[in-house]
Structure formats: structure tokens, C-alpha cells
Amino acid sequence: MVRDSASSEDSPSLRDILDSLDDADCRAILRETAEPMTAPELIDACDIPKSTVYRKLDRLSDASLVREQDTINPGGGRTTTYERDFDDVMISMDDDGFSVTVERPPRNADERLEDIWSKMGDEL
């Protein structure tokens, strides 16, 4: 099963999407995260203060525009990387108002399993 677009249960709100895309720091982060990057790498690449990067990453995560991935290091500890998690964002309008559709890149089996484990960890 390939996730081509966000399902209704994990679709971000239109307001979250618009607020994120209206933010220059968020846009800078989105430009840099075509490939996974750590927060320290984003701090350097985007020239954004540390506290700001983490706030913007939270905002982008809430809007489901970046994906967070933790890797356990062999020597202990973990490394968190962030990657842009959409191919396209479409905002449309009909008689009922505005709506947003977020098209996601296809996920392989390992990524889907990782998403499931991550969601289970959030619920614990």
C-alpha cells in the first residue's frame, strides 16, 4: 500500500499549512530538507538560531510537512533527521470553502513500519 496523499485522519489543517508556508524560516527549512538533515545541519544551512530551528521544525511537523526520523547510534544515543514529507500541496476552493490536499512521496515497507512504530511510541 503506497501513501500518495494524506488520509483524512492525518491531514493537517489548512491554517497549519498556510502558517508554515507563510513563514520565511519554515520555507528555508523546506528548501534544505529534500534529503534528511539534522537540526545542527539546518542551523548552519539556513542560518537560523538553534531555538528557532526547533520551533520551526515543530510547526512543520504539526503541519505534516516534515518527517522526523530517529536513528540509534551504535555507540549509544540517537540522531534525529528531518526530511520534507510532501511532493505537492494543493489548496482548492469550492462552495463549502477552502480545502488542502497534501500529496506524499511513496513509502517503502521499512518506512511504513517505522511510521507505525513511531505512532505507537507516541501513544505510550
Flag, side chain of [X] to backbone of [Y], donor-acceptor distance under 3.5 Å:
X     : Y     : answer
Asp19 : Asp22 : no
Arg84 : Leu65 : no
Arg27 : Leu21 : yes
Ser20 : Asp16 : yes

Considering only heavy atoms from C-beta outward, does the side chain of [X] approach that of [Y] to under 4.5 Å?
X     : Y     : answer
Arg31 : Ile29 : no
Pro12 : Asp62 : no
Phe98 : Met93 : yes
Ile43 : Ile48 : no

What's the separation between atom [atom1] in [X] and atom [atom2] in [Y], rounded to the nearest 0.5 Å?
X     : Y     : atom1 : atom2 : answer
Leu42 : Lys56 : CG    : NZ    : 13.5 Å
Asp47 : Asp25 : CG    : CG    : 9.5 Å
Phe86 : Leu30 : CZ    : CG    : 5.0 Å
Ile17 : Ile91 : CD1   : CD1   : 7.0 Å
Thr80 : Glu68 : OG1   : CD    : 5.5 Å
Gln69 : Thr81 : CD    : OG1   : 4.5 Å

List the steps and the verdict of side-chain contact (heavy atoms from CB on, under 4.5 Å) for Glu83 and Met37.
CA-CA 7 Å; Glu83 185 174 13; Met37 294 184 77; over 6 Å; no
Checking Ser61 against Arg59: is there a side-chain donor and acceptor pair closer than 3.5 Å?
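Note: Arg59 and Ser61 side chains miss the donor-acceptor criterion.
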Passing candidate, side chain to side chain donor-acceptor pair (under 3.5 Å) with Thr79, options Thr71, Asn73, Asp70:
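Among the candidates, only Asn73 passes.
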Chi angles and distances behind the side-chain contact (heavy atoms from CB on, under 4.5 Å) call for Asp44, Glu41:
CA-CA 5 Å; Asp44 292 339; Glu41 291 171 333; 6.0 Å; no
